[in-house]
Colleague: 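Dumping the structure here so I can ask a few things about it.
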Amino acid sequence: MKKNYLILFVLTSLVFFNCSKDKGPVDDQQTAENISFTNDVQPVFDQYCISCHPASGDLDLTASHSYNQLVNVNASGYQAKRVVPGDPENSVLYKKIDGSGTFGSNMPLGGSLSAAQILLIKQWIEEGAPNN
Ligand code: HEC
């Protein structure tokens, strides 16, 4: 009987230990680091932006061109960079979708992205705007 209690105690401790390991800020950060420019950000451009920002335009947001048009590139209409890696608050791209009006009209012109899409682009910039 005593042996059974001991086994039960060991098992309970293991379950407890595992559960507490699964939670916490470290895991939250890992989730946030998984944004892919190609798989997560570009589809937003494809759906909401390229109708007005096509391959022939001043700001080309089509796949395989958009990254080089954005990251560390000066905006054509504003005295700021389109995307400053790690700094969404100083990135024209982010300030033009966040509803702030810092750089003129909100994008997509005449509408807005969902809160989740806005956050996605913000997090991609915060993560250093990788070409991934
Ligand atoms: C209905 C047309 C239209 C759509 C859709 C649209 N834009 Fe624009 N965009 C414009 C126009 C016009 C300008 C130039 C005037 C201005 O800066 O507001 C512009 C300017 C911009 C600029 C500033 C470029 C610079 O260098 O000055 C950014 C960044 C931008 N758009 C991003 C986006 C993004 C991201 C989307 C999709 C979420 C989008 N736009 C969708 C019409 C549009």
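In each ligand, atom 1 is the first atom listed, and ligand 1 is the first ligand listed. What you see is a predicted model, and the numbers here were worked out from it, not measured in a lab. All residue numbers in this chain count up from 1 along the given sequence.
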Colleague: Identify the protein heavy atom lying closest to atom 18 (O) of ligand 1, giving its residue, its atom name and the separation to 0.1 Å.
Modeller: K96 NZ, 2.9 Å
Colleague: Heavy-atom contacts with C49 under 4.0 Å: which atoms of ligand 1 show up? List them by number with element.
Modeller: 34 (C), 35 (C), 36 (C), 37 (C), 38 (C), 39 (C), 41 (C)
Colleague: Under 4.0 Å from any heavy atom of A75, which atoms of ligand 1 are there?
Modeller: 25 (C), 26 (O), 27 (O)
Colleague: With a 4.0 Å cut-off on heavy atoms, is G104 in contact with ligand 1?
Modeller: no
Colleague: Would you call L59 and R82 a side-chain contact if the rule is heavy atoms closer than 4.5 Å?
Modeller: yes
Colleague: Is there a side-chain contact between F103 and Y94, using heavy atoms and a 4.5 Å cut-off?
Modeller: no
Colleague: Out of S76, S51, G111, who gets a non-hydrogen atom closest to atom 26 (O) of ligand 1?
Modeller: S76
Colleague: With nothing but distance in play, are any N or O atoms of N74 less than 3.5 Å from an N or O of ligand 1?
Modeller: no
Colleague: Can an N, O or S atom be found in H53 less than 2.8 Å away from atom 8 (Fe) of ligand 1?
Modeller: yes
Colleague: For atom 28 (C) of ligand 1, which of the options D46, I121, L59 provides the nearest non-hydrogen atom?
Modeller: L59
Colleague: When you measure from atom 27 (O) of ligand 1 to every protein heavy atom, which one gives the shortest distance, and what is it?
Modeller: G77 N, 2.9 Å
Colleague: Pick, from Q69, K81, M107, the option with the minimum heavy-atom distance to atom 33 (C) of ligand 1.
Modeller: M107
Colleague: H53 versus Q69: any side-chain heavy-atom pair under 4.5 Å?
Modeller: no
Colleague: Identify the protein heavy atom lying closest to atom 15 (C) of ligand 1, giving its residue, its atom name and the separation to 0.1 Å.
Modeller: Y78 OH, 4.4 Å
Colleague: Does a side-chain heavy-atom distance below 4.5 Å link Y48 with I97?
Modeller: no
Colleague: Quick one: are Y78 and K95 in side-chain contact, heavy atoms under 4.5 Å?
Modeller: no
Colleague: Do N131 and V71 touch side chain to side chain, with heavy atoms closer than 4.5 Å?
Modeller: no
Colleague: Under a 4.5 Å cut-off applied to non-hydrogen side-chain atoms, are Q42 and S66 in contact?
Modeller: yes
Colleague: Would you mind running through ligand 1 and noting each atom that sits below 4.0 Å from a heavy atom of L93?
Modeller: 35 (C)
Colleague: Confirm or rule out an N/O/S atom of S105, from backbone or side chain, lying less than 2.8 Å from atom 8 (Fe) of ligand 1.
Modeller: no
Colleague: Kindly indicate whether atom 43 (C) of ligand 1 is approached by any protein heavy atom to under 4.0 angstrom.
Modeller: yes
Colleague: Report the nearest protein non-hydrogen atom to atom 12 (C) of ligand 1: residue, atom name, distance rounded to 0.1 Å.
Modeller: L109 CD2, 4.0 Å
Colleague: Given side chains that start at C-beta, do those of V83 and W124 come closer than 4.5 Å, heavy atoms only?
Modeller: yes
Colleague: Could you grab the distance from atom CG of N34 to atom CD of Q123, nearest 0.5 Å is fine?
Modeller: 10.5 Å
Colleague: Please write down residue, atom name and distance for the protein heavy atom closest to atom 3 (C) of ligand 1.
Modeller: C52 SG, 2.6 Å
Colleague: State yes or no: do L70 and L120 share one hydrophobic cluster built from I, L, V, M, F, W and Y residues joined by side-chain heavy-atom distances below 4.5 Å, directly or via other members?
Modeller: yes
Colleague: At a 4.0 Å threshold, what atoms of ligand 1 neighbour a non-hydrogen atom of Y48?
Modeller: 5 (C), 37 (C), 41 (C)
Colleague: Considering non-hydrogen atoms of the protein only, which is the closest contact for atom 41 (C) of ligand 1, and what is the distance?
Modeller: P108 CA, 3.5 Å
Colleague: What distance do F45 atom CZ and D60 atom CG have between them, rounded to the nearest 0.5 Å?
Modeller: 11.0 Å
